[in-house]
Amino acid sequence: MERYNFKLSESKWQDYWEKEKIFKSVVNKNKEKFYCLEMFPYPSGKIHMGHVRNYTIGDVLSRFKTLKGFNVLHPMGWDSFGMPAENAARQNNLNPKDWTEKNIDVMKSQLKMLGLSIDWDREISTCSPEYYKHQQKIFLDLYDKGLVYRKESYVNWDPVDKTVLANEQVIDGKGWRSGAVVERKKLNQWFFKISYFSEDLLNDLNKLNQWPDKVKTMQKNWIGKSFGCEIDFKIEGSKDIKSIKCYTTRPDTLFGFSFLALSVDHPCSKYYEKNNDFIKFKKECSKTGTTEESIAQATKIGFKTELEAINPLDNESKVPVYFANFVLMDYGFGAVFGCPAHDQRDFDFAKKYNLQIKTVVKPDNESDDYQVQKEAFAGAGVIINSKFLNGLSAPQNSIDETIKILEERKLGKKKTNYRLKDWGISRQRYWGCPIPIAYDVNNNVIKIPEKNLPVTLPESIDLDTNGNPLDAQTEWKEVVIDGKKCKRETDTLDTFVDSSWYYLRFCSAKNTNKAFDIEDIDYWMPVDQYIGGIEHAILHLLYSRFFMRAISLNNKETSFKEPFEGLFTQGMVCHQTYKDNNNNWVYPEDVFSEDGKNYYQNKDPSKKVIVGPSESMSKSKKNTVDPEKIIKLYGADSVRLFILSDSPPEKDIQWSDSGISASFKFLQKLWALNEKIVSNKKEFSEFDKDLEKFTNQIIKKVTDDLDRFGFNVVIASIYKIYTFYNKQTNKSDWGSNFFENYIKILKIINPIIPHFSNECLERLNQPVKNLQWPSANEKYLDEEIVNIVTQINGKKRKVFQIDKSIDKESLIEKIKNDDQMKKYINNKKIIKTIYIENKLINFIIR
RNA sequence: GGGGCGAUGGCGGAAUUGGUAGACGCGUCGGUCUUAGGAACCGAUAGAGCAAUCUGUGAAGGUUCGAGUCCUUUUCGCCCUACCA
């Protein structure tokens with residue numbers, strides 16, 4: 001018997017799928033649709049195990065739904081704009097376009113090796129003008145709707161390279177390339193008004209009942225709705241500044257007011273621009289703030305002004321005004337009222353500058369002379385030392401009451417605040433979608449007319465210039481619109497924009513006139529199942545939700561607002577880490593072990609390797625395994641089988657050599673079984689009820705488990721199938737119903753190991769086209785003989801195999817009189833009998 | 001500081017609604033076959049005990065006839081987020 005030749009088989013079926021266009025999807029209103037989408041990859045060079053896991057999950061689901069009769073849309077594309085291309089191009093003296101296209105070719109061939117059921121006719125690439133011309137149109141539409149605007153905003157500026165840095169390019173406050181201390185620089189930039197939908201985005205999370213709660217909570221926190229009030233503080237000591245607005249969630253602690261703090265970027269800072277001490281202070285503030293650690297540990301510093309703020313509820317009380325490093329300009333009004341007794345940050349600040357700490361809330365169990373000591377008290381309690389507010393229960397009552405009073409006296413008003421900020425979309429980069437805007441000689445914003453779209457990137461470009469390479473393209477920049485000389489916008493769009501609407505484009509991927517066809521999206525949208533990494537829980541998913549709302553705003557044709565009905569976030573792929581004696585990471589493929597305990601380097605077996613903990617695969621730790629190599633060694637089906645088998649898909653999985661080789665060996669066993677069945681010449685006449693029962697029960701279980709993403713248990717079932725069928729074929733009579741049941745089995749393993757399943761079906765002269773998912777026959781799902789667990793006082797004592805037809809009374813009588821049970825009951829009195837049908841009997845004795 | 005998730009054999013993990021804890025795989029041990037095996041096949045495998053049996057789902061309590069599952073407290077681990085007023 002020949003072993004299973006996965007190389008021949010897998011390439012054969014992949015060719016067949018491609019030639020016959022098996023996965024081509026067309027709108028068919030008579031058939032229920034299923035849109036299965038995995039987050040499309042960035043073409044970084046090669047696929048990694050994370051992709052393998054992501055796309056295997058999506059593929060199994062797509063194939064399963066297809067077998068179940070759905071019209072499945074399962075597309076794939078490339079998130080192909082972005083910085084890595086620019087960096088790689090600069091390093092290797094290439095064009096980003098060429099680098100990207102080469103990577104796409106490689107990765108596409110690798111995805112095909114996995115045998116994914118993708119409709120490649122719908123392939124899209126976000127860096128292609130065919131894609132981004134529609135994006136530019138959408139940008140202009142949103143501009144017309146008032147959802148796009150321009151304002152001054154800060155960027156990270158590298159003063160040596162003279163370039164804008166992305167956050168991830170700033171390491172410890174320094175530019176990643178130059179090492180220069182990064183400065184903050186103000187630039188005019190474009191924004192999407194995502195905050196317009198804050199409330200809607202928050203509320204509609206409730207409707208997403210096929211989303212993980214975790215992701216919804218993360219988005220909820222990100223939107224960060226809070227209830228509070230804005231208060232106007234009168235200011236003394238300046239002829240320019242009359243009052244300052246603050247936002248607070250705790251107006252009820254107003255009598256604890258002991259300073260007012262402003263962000264260094266607060267509009268009032270303009271009056272201090274020439275003050276040398278203030279300039280120094282501002283510099284000091286910008287030093288801390290890039291790494292998370294420094295933020296957490298940053299001490300609170302302030303710059304005292306000559307200004308004084310008056311407590312609106314107590315005109316006698318005047319407090320100093322500071323600029324402080326812990327006040328953020330882009331939340332609230334960039335100004336806070338300091339109440340040290342009941343806010344830890346304010347407390348720290350007050351301690352440092354010897355400001356008054358006035359206790360105005362006491363815990364319920366404390367007396368009225370309670371005083372805050374070592375730290376701020378932010379808990380619930382009762383208002384004290386606050387004149388007419390005294391005695392109110394804090395926080396809820398006291399807040400409501402204070403707001404009422406402030407509103408009556410016209411000193412402030414109730415306000416809901418959101419943490420969610422508008423989305424800055426300008427990037428000072430070459431390799432992104434050009435913003436379809438120009439400016440006339442007076443710097444007015446001029447839209448590029450639709451007929452002139454797309455605004456394409458210039459192909460020959462010098463990436464070694466300082467700053468944005470597009471800025472240096474003087475010829476490209478010049479454009480005439482309606483006879484007027486204009487200069488193009490040289491910023492490009494954030495690549496998150498590209499991925500915020502690609503799910504729509506897949507529905508009409510070939511339409512050159514429009515971004516999408518209403519008829520197409522009416523049928524295909526929303527995405528029924530979206531699958532990807534948890535790292536996109538907030539930004540990408542929130543931006544996509546925003547885009548759907550923005551496109552649908554004042555648009556009667558697209559009525560829905562949620563692009564993704566179901567969301568699944570898969571876990572990461574982990575691998576053991578290895579280091580040599582010099583603390584350098586070592587690749588798994590350069591490591592060997594004879595006993596599984598001591599590890600050595602392949603190149604030099606005298607060198608020991610230290611085994612570290614298993615961590616998520618990353619290039620920096622060199623604990624990666626190359627999928628292409630693994631596929632070539634074991635075959636795609638073995639890889640698919642293993643990547644799904646060891647852990648539930650939402651959790652992390654450990655990649656291991658023993659695991660993948662176990663999957664490989666298992667397929668060989670399954671193949672041997674199939675060959676044994678193929679070569680059987682005997683006819684069987686006896687109907688085998690056990691075989692029928694086993695098959696139907698396992699079909700039921702696999703169907704249910706696939707429906708709930710229980711891939712790892714599905715694979716456990718496949719192992720059980722092998723054990724059962726192997727025993728069955730060792731019998732002299734396999735059963736007259738053997739063949740039809742076995743065919744069903746080959747169908748239910750098809751979504752997971754499709755090449756293998758096809759090959760087995762073909763060996764048995766079975767069709768492989770238009771397979772249908774077998775349904776379990778209810779008749780065989782029930783057992784006639786059931787296990788009855790008997791307990792004495794809740795403790796398991798004996799298990800009886802009982803015919804289901806027996807009635808309750810005789811069953812209890814029978815068990816009571818069982819010799820072993822009698823021994824346990826031991827002449828004691830049965831005071832209660834719990835009976836759960838077909839499951840359990842519990843005697844309570846005393 | 002805030003939020004979330006989790007803790008089950010040597011390991012990864014099973015266990016619809018509370019109802020036989022440890023499915024399935026890895027590893028380990030024993031056996032068969034083989035010139036050999038790091039191949040294949042068969043069997044065993046939570047712990048203790050010769051056994052009947054007892055103990056076991058991070059810890060402590062509670063609800064219940066019955067808890068891995070529900071409630072309270074607690075410890076540890078992981079993830080996200082971060083001066084949000």
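Letters A, B, ... mirror the listed sequences (proteins, then strands); counts begin at 1.
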Please verify the inter-ring angle class for A/Phe642 with A/Trp655; under 30° counts as parallel, over 60° as perpendicular, anything in between as tilted. perpendicular
Distance, rounded to the nearest Å, where A/Asp705 contributes CG and B/G13 contributes C1': 14 Å
Protein-nucleotides 41-45 of chain B N/O pairs closer than 3.5 Å?
none

Please classify the nucleic acid contact of A/Ser647 as base, sugar-phosphate, or nothing, using heavy-atom distances under 4.0 Å. sugar-phosphate
Work out how far the C1' atom of B/U57 is from that of B/G18, and round it to whole angstrom. 15 Å
A/Asn325 side chain: which of B/U81, B/C83, B/G25 is closest? B/C83
Whole angstrom value for the distance that separates C1' of B/C83 from NE2 of A/His266: 17 Å
If we call it a pair only when both distances are under 3.5 Å in a Watson-Crick or G-U wobble match, what pairs with B/C5? B/G77
Which residue is it: A/Lys701, A/Lys700, A/Arg708? I am looking for the one with a salt bridge (charged side-chain N to carboxylate O under 4.0 Å, His left out) to A/Asp704. A/Lys700
Could you measure between the two P atoms, the one in B/G9 and the one in B/A48, and give it in whole Å? 15 Å
Given the C1' atoms of B/C33 and B/A23, what is the spacing between them in whole Å? 30 Å
Report yes if at least one side-chain N or O of A/Lys795 is closer than 4.0 Å to OP1 or OP2 of B/U55; otherwise report no. yes
Within less than 4.0 Å of OP1 or OP2 of B/A39, is there a side-chain N or O belonging to A/Lys665? yes
Kindly indicate, with the supporting measurements, whether the criterion ring pair (Phe, Tyr, Trp, His ring centres under 6.0 Å) is fulfilled by A/Phe843 and A/Tyr824. CA-CA 10 Å; A/Phe843 295 116; A/Tyr824 289 118; over 10 Å; no
Using the glycosidic torsion, which applies to B/G9: syn (within 90° of 0) or anti (everything else)? syn
Residue whose closest nucleotide on RNA chain B lies nearer the 5' end, A/Ser656 versus A/Arg797: A/Ser656
Side-chain donor-acceptor pair under 3.5 Å between A/Lys676 and A/Thr729, yes or no? yes
Just wondering, are more than 12 heavy atoms of other shown residues or ligands nearer than 6.0 Å to NZ in A/Lys693? yes
Would you kindly give the NZ-to-C1' distance between A/Lys839 and B/G66, to the nearest whole Å? 13 Å
Nearest whole angstrom, please: distance from the P of B/U16 to the CG of A/Leu781. 18 Å
Among B/G3, B/G27, B/C24, which nucleotide has an atom closest to any side-chain atom of A/Ser658? B/G27
Here's a test of your reading of the structure: between A/Asn793 and A/Val799, which maps to the more 5' nucleotide of RNA chain B? A/Val799
Tell me which nucleotide, if any, is Watson-Crick or G-U wobble paired with B/A44 when both distances must be under 3.5 Å. B/U28
Kindly point out which of B/G12, B/G19, B/C24 is positioned nearest to the side chain of A/Asp646? B/G12
Which nucleotide in B/G3, B/A23, B/U53 has an atom nearest any side-chain atom of A/Thr217: B/G3
Can you tell me how far C1' in B/G27 sits from the matching atom in B/G13, rounded to whole Å? 14 Å
Go through the side-chain N and O atoms of A/Lys665 and A/Gln668 and say whether any donor and acceptor fall under 3.5 Å apart. no
Identify whether any heavy atom of A/Tyr247 sits under 4.0 Å from a base atom; if not, whether one sits that close to sugar-phosphate; answer base, sugar-phosphate or nothing. base
Watson-Crick or G-U wobble partner of B/C70, both distances under 3.5 Å: B/G62
Does a nitrogen or oxygen in the side chain of A/Tyr331 sit under 4.0 Å from OP1 or OP2 of B/A85? yes
G-U wobble or Watson-Crick pairing nucleotide for B/C83 (cut-off 3.5 Å, both distances): none
Rounding to a whole Å, what distance do you find between A/Phe709:CZ and B/U16:P? 19 Å
Of the options A/Phe337, A/Tyr353, A/Phe281, which is the one that meets A/Tyr322 in a ring pair (Phe, Tyr, Trp, His ring centres under 6.0 Å)? A/Tyr353
Shortest non-hydrogen separation from A/Ser618 to A/Asn623 and the atoms involved: N-OD1, 2.9 Å
Please give the distance between the C1' atoms of B/G30 and B/U74 as a whole number of Å. 45 Å
Is there a side chain to side chain contact (heavy atoms under 4.5 Å, CB included) between A/Tyr331 and A/Ser226? Walk through the geometry before answering. CA-CA 11 Å; A/Tyr331 186 79; A/Ser226 68; 3.3 Å; yes
Give A/Leu328 one of three labels, base, sugar-phosphate or nothing, depending on what nucleic acid heavy atoms sit under 4.0 Å from its own. base
Of the listed nucleotides B/G25, B/C83, B/A21, the one nearest the side chain of A/Lys796: B/A21
Would you please say whether a donor-acceptor pair under 3.5 Å links the side chains of A/Tyr4 and A/Ser638? no
Quick one: is B/A14 close enough that its OP1 or OP2 comes under 4.0 Å of any side-chain N or O from A/Asn712? yes
For the side chain of A/Ile836, starting at C-beta, report the closest nucleotide among B/G4, B/A14, B/G19. B/G19
Say you pick atom C1' in B/U45 and the same atom in B/G22; how far apart are they, in whole Å? 12 Å
Close aromatic pair by centroid cut-off 6.0 Å: A/Phe349 and A/Phe259: yes
A/Lys225 has an atom NZ; how far is it from atom C1' of B/G3, in whole Å? 19 Å
Using whole Å, what does the distance between atom P of nucleotide B/C83 and atom CZ of A/Phe323 come to? 20 Å
Can a side chain N or O of A/Arg419 be found less than 4.0 Å away from OP1 or OP2 on B/C83? no
Counting the atoms with a prime plus P, OP1 and OP2 as sugar-phosphate, which does A/Asn221 contact under 4.0 Å by heavy atoms, base, sugar-phosphate, or nothing? sugar-phosphate
Tell me what A/Tyr824 touches on the nucleic acid: a base, only sugar-phosphate, or nothing, going by heavy atoms under 4.0 Å. sugar-phosphate
If you measure from the P atom in B/U73 to the same atom in B/G4, how many Å do you get, rounded? 14 Å
Between B/C24 and B/U75, how far apart are the two P atoms, rounded to whole Å? 39 Å
Atom NZ of A/Lys300 and atom C1' of B/C84: how far apart are they, to the nearest Å? 13 Å
